[in-house]
Chemist: 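Sharing a structure, written as structure tokens. Questions coming.
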Protein chains: 2
Amino acid sequence: MANSARRGEPLTPGEIYETALRLVDAGGVEALSMRKLATELGVNPMSLYHHVDDKTALIREVARLAVSRLQLPADDGSPWQEQLRVLAGAYRVYAMRHPALMSYIDAHPAVIQADSGMMAVLSRILRAAGVPERDLGHTAEVLIWFVSALVTAEGGGMLGMRTGAVDADRSFEIAVELIVDGLAQGGAFKRP
Amino acid sequence: MANSARRGEPLTPGEIYETALRLVDAGGVEALSMRKLATELGVNPMSLYHHVDDKTALIREVARLAVSRLQLPADDGSPWQEQLRVLAGAYRVYAMRHPALMSYIDAHPAVIQADSGMMAVLSRILRAAGVPERDLGHTAEVLIWFVSALVTAEGGGMLGMRTGAVDADRSFEIAVELIVDGLAQGGAFKRP
DNA sequence: GGTAGTAGCCATACAGTGTATGGCTGGTAG
DNA sequence: CTACCAGCCATACACTGTATGGCTACTACC
């Protein structure tokens, strides 16, 4: 394997994705260009294509890398209401770490086919909340989109842009409590 | 005013925005380029700049045009639960007409500072639901993000991509009923 | 009526993008 | 020793947004 003329060692997928993630975090997805990434790595732009199919594949891998770092809370036996609050909080913290990437993922969710362990944890909690099996998928989907949109908006500084409301913590609290109350009520799952 | 060499009449903002909206609806925001738009209008690309500041201003105007067509239901005296369902449904129908643009607006809400009449209608309904004045802004914000994310996802064919759930109508129904129940419960607005 | 001003349009050019193509080099398998 | 090929790179193409400057024909004013 011939290594680079201007670098000591060959490129690794790891450093490519890490560096790309850094660029995205710093300037948004639109600030990530193959040329900038290459310069950052001290390498010719075309060299990247020996490790990555194309730019969309690169971003998908970067997204996967970020998602893999989502810290999911374990089942601690506490009531489902509390576990749901904790899960939402964890998702929020995670989103604040990569706001630009979150915004991209929201618009291109194909990048993550299976949401790592997120779906499993959420399903368990929803079952505990009494959501019937036939509505589990739909409900999980809805809740992920709800929370995802909200934390992405907050991370992108887009909260309060429509209404002037400014206290993000309060908005998030209201959001979570609305969901908890709605689930507890269970009216959405009544047999027709 | 010298009119075009290759067109009979001067460009109008109207036809520019209409055509741009058509392009966006057809191929997404990324399919809208100044050159394509110009060709579509039978005009030189640079001619557009006499009517539009730059591309982001163009998109903002296109978004405004689309938003102005949102059909908001009037107060018909029915219970707030019902009015909220109708409002959500109207938003959904509207979003399905311009899915690509919705996705863009969700990621760049700065394009619409004041959501036309949407905020007013929503505020009225929330007041009727008993949401205290100090939480009105936050709650409205949260709900708009909730519903907006969901219908954008549906319009973009991104629903079911995370969980495999496929019945969009059912997902939407669950979403709305969760919100209605949550508001009715009112636990989110209890004094600390 | 003549003239200055300008609205509208266009040609050219520049810096940037993703990536297809093909060639070089040096380590490794047979 | 030879063939192969992983890794890297130089060049090139089509595309993007838009800065600059020039042309033309209409309007406003003297």
Side-chain angles (χ1 to χ4, degrees), chain A residues 1-24 26-63 100-101 103-104 107-108 110-111, chain B residues 1-24 26-63 100-101 103-104 107-108 110-111:
Chain A
M1 307 165 185
N3 55 10
S4 168
R6 60 216 293 186
R7 288 168 41 99
E9 302 165 356
L11 281 175
T12 70
E15 61 175 335
I16 293 182
Y17 302 143
E18 294 283 356
T19 311
L21 180 55
R22 244 187 36 231
L23 289 183
V24 170
V29 179
E30 72 278 5
L32 172 66
S33 88
M34 302 303 272
R35 285 173 163 86
K36 279 187 203 136
L37 177 56
T39 336
E40 202 74 13
L41 289 164
V43 127
N44 184 283
M46 291 316 289
S47 303
L48 295 171
Y49 286 88
H50 275 263
H51 305 266
V52 169
D53 273 3
D54 54 12
K55 195 186 178 183
T56 75
L58 168 67
I59 298 183
R60 181 182 46 223
E61 232 47 50
V62 170
L101 193 57
S103 173
Y104 181 87
H108 309 79
V111 297
Chain B
M1 307 162 186
N3 56 10
S4 167
R6 60 216 292 186
R7 287 167 42 95
E9 304 164 358
L11 280 176
T12 69
E15 62 176 334
I16 292 181
Y17 302 143
E18 293 284 356
T19 311
L21 180 56
R22 245 188 36 231
L23 288 183
V24 169
V29 178
E30 72 277 4
L32 172 67
S33 87
M34 301 303 272
R35 286 174 164 85
K36 279 187 203 135
L37 177 57
T39 334
E40 202 75 13
L41 289 164
V43 127
N44 184 282
M46 290 316 289
S47 303
L48 295 171
Y49 286 89
H50 274 262
H51 304 266
V52 169
D53 272 4
D54 54 10
K55 195 186 178 185
T56 75
L58 168 67
I59 298 183
R60 182 181 44 223
E61 231 48 47
V62 170
L101 192 57
S103 173
Y104 181 88
H108 308 79
V111 298

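As a basis for the values below, the full set of heavy atoms in this structure was taken, side chains included, without hydrogen atoms, waters or symmetry mates. Order of the sequence lines fixes the chain letters, A, B, ..., with proteins taken first and strands second; residue numbering starts at 1 for each chain.
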Chemist: Mind listing the closest non-hydrogen atom pair of B/L101 and B/A63 along with its distance?
Modeler: CD2-CA, 3.9 Å
Chemist: Just list the side-chain donor-acceptor pairs under 3.5 Å for residues 48-55 of chain A, sequence neighbours left out, or say none.
Modeler:
unit_1: A/D54; atom_1: OD1; unit_2: A/T56; atom_2: OG1; d: 3.3
unit_1: A/D54; atom_1: OD1; unit_2: A/A57; atom_2: N; d: 3.2
unit_1: A/K55; atom_1: NZ; unit_2: A/L32; atom_2: O; d: 2.7

Chemist: Let me know the distance between CG of B/L37 and C1' of D/dC15, rounded to the nearest Å.
Modeler: 16 Å
Chemist: Restricting to pairs with a member in residues 26-39 of chain B, which pass side chain to side chain donor-acceptor pair (under 3.5 Å), not counting sequence neighbours?
Modeler: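 Checked against side chain to side chain donor-acceptor pair (under 3.5 Å) - neighbours excluded - no pair reaches residues 26-39 of chain B.
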Chemist: Kindly write out the residues that satisfy side-chain contact (heavy atoms from CB on, under 4.5 Å) with A/T19, not counting sequence neighbours, or none if the list is empty.
Modeler: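 Only A/R22, A/L37, A/E40, A/L41 meet the side-chain contact (heavy atoms from CB on, under 4.5 Å) criterion with A/T19.
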Chemist: Specify the residues of residues 26-35 of chain B, ordered by number, for which at least one heavy atom lies under 4.0 angstrom from an atom of DNA chain D.
Modeler: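 Within residues 26-35 of chain B, the residues near DNA chain D are B/L32, B/S33, B/M34, B/R35.
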Chemist: For B/G27 and B/A31, work out which heavy atoms get closest and say how close.
Modeler: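 Residues B/G27 and B/A31, closest heavy atoms: O-CB, 3.1 Å.
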Chemist: What parts of residues 45-53 of chain B reach DNA chain D, counting only heavy atoms under 4.0 Å away?
Modeler: B/M46, B/Y49
Chemist: What pair of heavy atoms forms the shortest contact from A/A107 to B/S103, and how long is it?
Modeler: CB-OG, 3.8 Å
Chemist: Rounded to whole angstroms, how far apart are NZ on B/K55 and P on C/dG16?
Modeler: 18 Å
Chemist: If you apply the rule side chain to side chain contact (heavy atoms under 4.5 Å, CB included), what do you find for B/V24 with B/I59, and how did you get there?
Modeler: CA-CA 9 Å; B/V24 169; B/I59 298 183; over 6 Å; no
Chemist: Nearest whole angstrom, please: distance from the C1' of D/dG7 to the CG of A/N44.
Modeler: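 Distance, rounded to whole Å: 12 Å.
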Chemist: Tell me, do B/V29 and B/V62 make a side-chain contact under 4.5 Å, heavy atoms counted?
Modeler: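 Contact flag for B/V29/B/V62 side chains = no.
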